[in-house]
Structure formats: structure tokens, C-alpha cells
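Step one of this worksheet: look at the structure below.
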Amino acid sequence: MPVYTDEGVVLRTTKLGEADRIITLLTRDHGKIRAVARGVRRTKSRFGARLEPFMRDQLQVARGRTLDVVSQAVCVGAYADVICRDYDAYLNANLIVETADKLVTSEEESVREQYRLLIAALAALSRAERPAWQIGQSYVLRSLHHAGWSPRLNACVVCGRRDNLQWFSVPLGGVVCSDDRTPDCHHLPQEEASLLFALLMGKWDECDEAIEDAERAGNNEATSHVEALVEEWAQFYLERPLRTAHLIHS
Ligand SMILES: [Zn+2]
């Protein structure tokens, strides 16, 4: 059987037969792949915990007739250990891998940038660099941006004017002025627009400033509004619901 090597992150796993699992991975050079890990559910599996979600491994994979088979996995980023000990980090890591899974649909697609974003987000979660929701929301916005679905935030998506932008439409793709607002528009105060922009750009200083602005303006709902908007944005453009998003808001 021909063998290939690559680096990948485990997105999810599915039971197969008595002791095996099908592992779905986002790899650096081969896009999204599904491969069987034999005997991985046995207590003394030679893979240990290396093929659990959020693990980053150097892999050797044998091409099979129907499914590829993981023949070797060496851990290069044990993000799962830390992430699974913190419930917020765990929920957001699930949001991240679920988004990556839905975003990359075909195999062999060039996904280097998506792969880079994925490992950066999981590494940041495992180091608790920022509040987990910020890392999760920022990842969702940035991965969708690289797939070509970026909200327009600096001018009305209908008429192009750059002032009086207090509304946001998910189907129209960004901010909308008062004259062009439709019934499905969300009200988007300036501090929430700034927070959305900071998360999209991954600019944490600006994120802190926007949250402080919201507090000063007495807007206690800013972060939950923005989270709901990001969720709606992702579901609209991925064209399917994200299971994890509901858990985060419940
Ligand atoms: Zn307009």
C-alpha cells in the first residue's frame, strides 16, 4: 500500500466495529482526510490519546482501497490535555473544529491558511491567552473570511455610504445604513461594530478597547450580541447549523 506523511489536527472521531475508529483530520498538505485507526479503542492502543479531537500529530497514512489507514501518529501539539480541563475552552475548541470540518468540504483542497488558523486557535486556547469565547469567535470570523465570506463593516452594503451605519444584515453581508435597513437587520451600535472588527482582524488590543467602550456606554449585552451575530453569520454562510454554538449560548 502506498504511504504518505503529513501533519494534521483531529477534528472528530466515529466508532467503527469493535475497536476501531474513523478519524477525520484537517491536514496541512492533503486537506481534510478520513482514515481508520485500527485498535484505537483498546485500552492498550499503540496510539494512546494521540488520535483524540484537538490533537496535532505528525502522521503516516496508508492509502486503502476504500478508506485510508493511520499507520503512525506522533504528537506535535498536545492541545487536548489542557483544553479538556477547562469547560469554556473545551466548548470553544469544539466550535473551532466543527467550523473547520464544515468549512473544508473536499479532500485534497489546498487549505494551508485554514490549517494555520486552526492550529493557532487551538494553541491559543491551550495557553489560555485570551478569554476562550474571543479565540473561538475570532477563529470563526477569520476562517470564514479566508473562505471568502467576510462581513463588510466600513460602508453600507446597499448604497456605499460610510456614515450612519447602525444596522447589520447577515444575508446582505455587512453593515447597512438607516435608509436601507430591512426588517431582518440587527441593530449594531458602534462599540459592537468595533468588537466585531477587532475579532475579525484578531486585534486583541482593539477588542479590549471595544469592550471598555461598551461598558462605558452601559451596553452590557455587547459581547452576547456579537456572539449571536457571529453564530448567525457562520450558520448562514456554512449553510448548516453549528451544534456547539447552541451549547455555548445555553
Ligand atoms: Zn445605505
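Residue indices begin at 1 and follow the sequence shown. Numbering of ligands and ligand atoms starts at 1, following listing order.
- L51 is not listed as a side-chain neighbour of M55, based on a closest heavy-atom distance of 4.5 Å or more.
- If you look at H186 and W167, their ring centroids are not closer than 6.0 Å.
- Taking the salt bridge (charged side-chain N to carboxylate O under 4.0 Å, His left out) definition, one finds that R116 meets it with E113, sequence neighbours left out.
- From S169, atom OG reaches atom CH2 of W233 across 8.5 Å, with rounding to the nearest 0.5 Å.
- Within the protein, the N, O or S atoms sitting under 2.8 Å from the Zn ion (ligand 1) are C156 SG, C159 SG, C177 SG, D180 OD2.
- Remark: L229 CG to L195 CG distance equals 10.5 Å, nearest 0.5 Å.
- Side-chain N or O atoms of S150 include none that pairs as donor or acceptor with a backbone N or O of H145 at under 3.5 Å.
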